[in-house]
Asker: 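The following block contains the structure, expressed as structure tokens.
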Amino acid sequence: MFILHMMDVVIRLRGEEFCVHEVVAVIGKGRLADLVYKELSELSELSELSGSYQLIRRKGIKSGIPRAAKICLVLNEEYRPSDHLEAEKVLRQAGIPWLSGTVVNNEGIVGPLVRPGNPGCSHCADMRRLMAERNRDISVDLQMSLMNDEVIKQDRAASRWGLIQMSCLICAEVRRVFQGAPTHTEGRMYFVDLNSLNSSLHSFLPDPLCEICGGIPIDTSEAARISLNPSPKIGSDTYRCRSMEGLAETLLKDYWDDRTGLLNTKTTDPLSPFCDVLVSLPSVLGNELTAGRSHSYKHSEFTAVLEGLERYCGMTPRGKRAGIYDSYQNLADKALNPVTVGLYSAEQYALPDFPFEPFDACAPMKWVWGYSFMQDRPILVPEQLAYYSTGFGGSFVAEGSNGCALGGSLEEAIFYGMLEVVERDSFLLTWYAQLPVPRLDPYSAHDSELLLMIQRLEAVAGYELFLFNTTMENGIPSIWHWPKTRI
């Protein structure tokens, strides 16, 4: 049971009583909490905030929190996610903003400042930070320590000056809250090296699947309906409705951060024939590299980030929750027949340690709503066919990123998704049917940029390039390129 203490402050001014709901609660024990409490005490006495708030100290959330608190500071020199989880539950219910301060592996972490009702809680921040850890071994070790001991203890050799640095950052945030100024730690975290005192501020995105602040809606057939609208191209030489340059600032600011980003790390390959930039997409199974290759490193960087976002969106549903778990037999009148997508042979399913199971029309599975343009209606699709990281155990096929595309509008994304399906379909039909496809002469195009690219590929990588026309009955141009190493 948690107790909310009423700590309203009553003052008298010219014979009238005023109730001041300006309370700061310092919750925690240890040197960091002591330093912050001392600093705030001096701030209250000496600064322009004099008389504007009362300072309350508690050892833990279970000791009770002041109901009238304007902000709670949850501070601990040992990293205990359970403390943050308790704070989220209690303070969210009480509607009180709170700021965390903790130490992980001799590094101080200040933030985020959590405002109940807003997405982006401490759980989101912890998840992004652990996932984006540059050293995968360190990330695994931290998670194993939390799993076994539920705590990461502080290195006692940590500098007192480092904790003082943390306390200054925390008190500065409290000052901003009381002054109504923009804070630095809403959706962000400070990282403080407790020895060198180097500090950096890092932003993170809320996790839509967060059990605390997520709240994504249940999938419905109505939400799956698609009504196409005009999406004008930005130029005659492109099918895009938005330019990559127009998204440049947003791409790096919102999605890339080396410590807390949806995407982290960024490297270039100087040996590539073209400007090659690799960006890492952290996931539970390990980091996945996404690449951008163009004539400039800046453009390649944007492309790599966009490819990372495309993969992130296609891995698992994050905008809706599957609401149907049933068998195809019971849903046949409104569902895609999984058999029509192609299955493995009976001999393959019978192989030892084959990771997939034969499709069973009577077996229940998760379904998501899609839209069939051919039938002009919403249709149920097996979740494992719509996303390519959900089929662990009980899957009947392996799903890839076929048909996944990002766009500046719904119409653009659909268009490029169709082009990708056409491209891969052309390649696979050519490969498996061993079709005789005509070779193309790139020099006949009289395109100077194309010719320079081919010459650079030959000079830098030592490849001889062969191009084949694999266009199928749909008439949409498709080209298969085959680079052969020169001996």
Side-chain angles (χ1 to χ4, degrees), residues 2-5 7 9 22-88 90-91 96-114 122 125-126 150-178 183-185 189-199:
F2 298 101
I3 303 172
L4 302 180
H5 293 290
M7 299 297 297
V9 182
E22 305 296 285
V23 175
V24 177
V26 178
I27 302 172
K29 52 188 177 181
R31 291 181 293 169
L32 179 60
D34 292 342
L35 288 167
V36 170
Y37 185 82
K38 180 176 181 296
E39 178 75 14
L40 287 176
S41 298
E42 296 173 354
L43 225 127
S44 179
E45 294 173 1
L46 302 175
S47 75
E48 66 274 14
L49 298 179
S50 178
S52 65
Y53 66 84
Q54 181 184 15
L55 199 56
I56 304 297
R57 180 75 184 270
R58 294 284 184 269
K59 289 185 177 181
I61 289 289
K62 293 183 180 179
S63 301
I65 59 172
R67 181 178 174 184
K70 187 179 183 72
I71 185 172
C72 287
L73 308 176
V74 180
L75 312 174
N76 204 321
E77 292 161 57
E78 294 183 339
Y79 176 52
R80 294 180 182 273
S82 58
D83 288 351
H84 291 172
L85 185 59
E86 287 182 348
E88 287 287 357
V90 177
L91 298 175
I96 300 174
W98 68 283
L99 177 69
S100 64
T102 190
V103 175
V104 181
N105 277 6
N106 209 23
E107 183 176 55
I109 301 175
V110 176
L113 173 61
V114 179
S122 65
D126 287 345
E150 298 183 348
V151 63
I152 296 176
K153 296 186 177 182
Q154 181 207 353
D155 182 355
R156 286 299 162 187
S159 165
R160 172 180 168 81
W161 292 107
L163 297 177
I164 292 175
Q165 172 84 337
M166 290 181 65
S167 70
C168 290
L169 293 172
I170 292 168
C171 293
E173 283 294 87
V174 173
R175 180 192 293 267
R176 294 185 186 95
V177 169
F178 275 86
T183 60
H184 291 168
T185 54
M189 292 179 282
Y190 278 110
F191 291 94
V192 182
D193 187 311
L194 298 184
N195 291 321
S196 69
L197 305 188
N198 287 332
S199 304

Asker: Please report the shortest heavy-atom distance between Val192 and Gln165, naming the atom on each side.
Answerer: CG1-CG, 3.7 Å
Asker: Could you state the interatomic distance from SG (Cys72) to CD1 (Ile61), rounded to the nearest 0.5 Å?
Answerer: 6.5 Å
Asker: Working to the nearest 0.5 angstrom, can you tell me the gap between Glu88 CD and His84 NE2?
Answerer: 9.0 Å
Asker: Taking all non-hydrogen atoms of both residues into account, name the closest pair between Ile96 and Ala69 and its distance.
Answerer: CG2-O, 3.7 Å
Asker: Considering all heavy atoms of both residues, which atom of Ser41 and which atom of Tyr37 are nearest to each other, and what is their separation?
Answerer: OG-O, 2.7 Å
Asker: Within a strict 4.5 Å, meaning less than it, do heavy atoms of the Leu35 and Ile164 side chains meet?
Answerer: yes
Asker: Are Leu163 and Val103 close enough that some pair of their side-chain heavy atoms sits under 4.5 Å apart?
Answerer: yes
Asker: For Val26 and Ala33, which heavy atoms make the closest approach, and how far apart are they?
Answerer: CG1-O, 3.9 Å
Asker: Please answer whether the main-chain N or O of Leu32 pairs with a side-chain N or O of Glu77 as donor and acceptor at a distance below 3.5 Å.
Answerer: yes
Asker: Using only atom types and a distance under 3.5 Å, with no angle test, would you say the side chain of Ser199 pairs donor to acceptor with the backbone of Leu197?
Answerer: yes
Asker: Apply the side-chain contact (heavy atoms from CB on, under 4.5 Å) test between Trp98 and each candidate in Val90, Ile27, Val114; give the one that qualifies.
Answerer: Val114
Asker: Working to the nearest 0.5 Å, report the span between CZ of Arg31 and CG of Leu75.
Answerer: 13.5 Å
Asker: Give, for atom CE of Met166 and atom OH of Tyr190, the distance between the pair rounded to the nearest 0.5 Å.
Answerer: 12.0 Å
Asker: Is it true that a side-chain atom of Glu173 and a backbone atom of Thr185 form a donor plus acceptor pair closer than 3.5 Å?
Answerer: yes
Asker: Between the side chain of Asn105 and the main-chain N/O of Glu107, is any donor-acceptor distance below 3.5 Å?
Answerer: no
Asker: For Met189 and Pro112, which heavy atoms make the closest approach, and how far apart are they?
Answerer: CG-N, 3.9 Å
Asker: Quick one: does any side-chain atom of Arg175 pair with a main-chain N or O of Ile170 as donor and acceptor, under 3.5 Å?
Answerer: no
Asker: What residues, two or more places apart in sequence or in another chain, satisfy side-chain hydrogen bond (donor to acceptor under 3.5 Å, both in side chains) together with Asp126?
Answerer: Tyr79, Arg129
Asker: As a test of understanding, state which of Lys29, Arg57, Arg160 forms a salt bridge (Lys or Arg N to Asp or Glu O under 4.0 Å) with Asp34.
Answerer: Arg57
Asker: How about Ser167 and Glu39: does a side-chain donor come under 3.5 Å of a side-chain acceptor?
Answerer: no
Asker: Stepwise, does the side chain to side chain contact (heavy atoms under 4.5 Å, CB included) test hold for Ile71 with Leu113?
Answerer: CA-CA 9 Å; Ile71 185 172; Leu113 173 61; 3.8 Å; yes
Asker: Where do Ile56 and Arg58 come nearest, in terms of heavy atoms and distance?
Answerer: CG2-NH1, 3.3 Å
Asker: Within this structure, what is the CG-NZ distance for the pair Asn76 and Lys59, rounded to the nearest 0.5 Å?
Answerer: 13.0 Å
Asker: With side chain to side chain contact (heavy atoms under 4.5 Å, CB included) as the criterion, how do Leu73 and Val24 come out once you've worked through the C-alpha distance, each side chain's angles and the decisive distance to 0.1 Å?
Answerer: CA-CA 8 Å; Leu73 308 176; Val24 177; 4.2 Å; yes
Asker: To the nearest 0.5 angstrom, please state how far the OG atom of Ser122 sits from the CG atom of Leu99.
Answerer: 11.0 Å
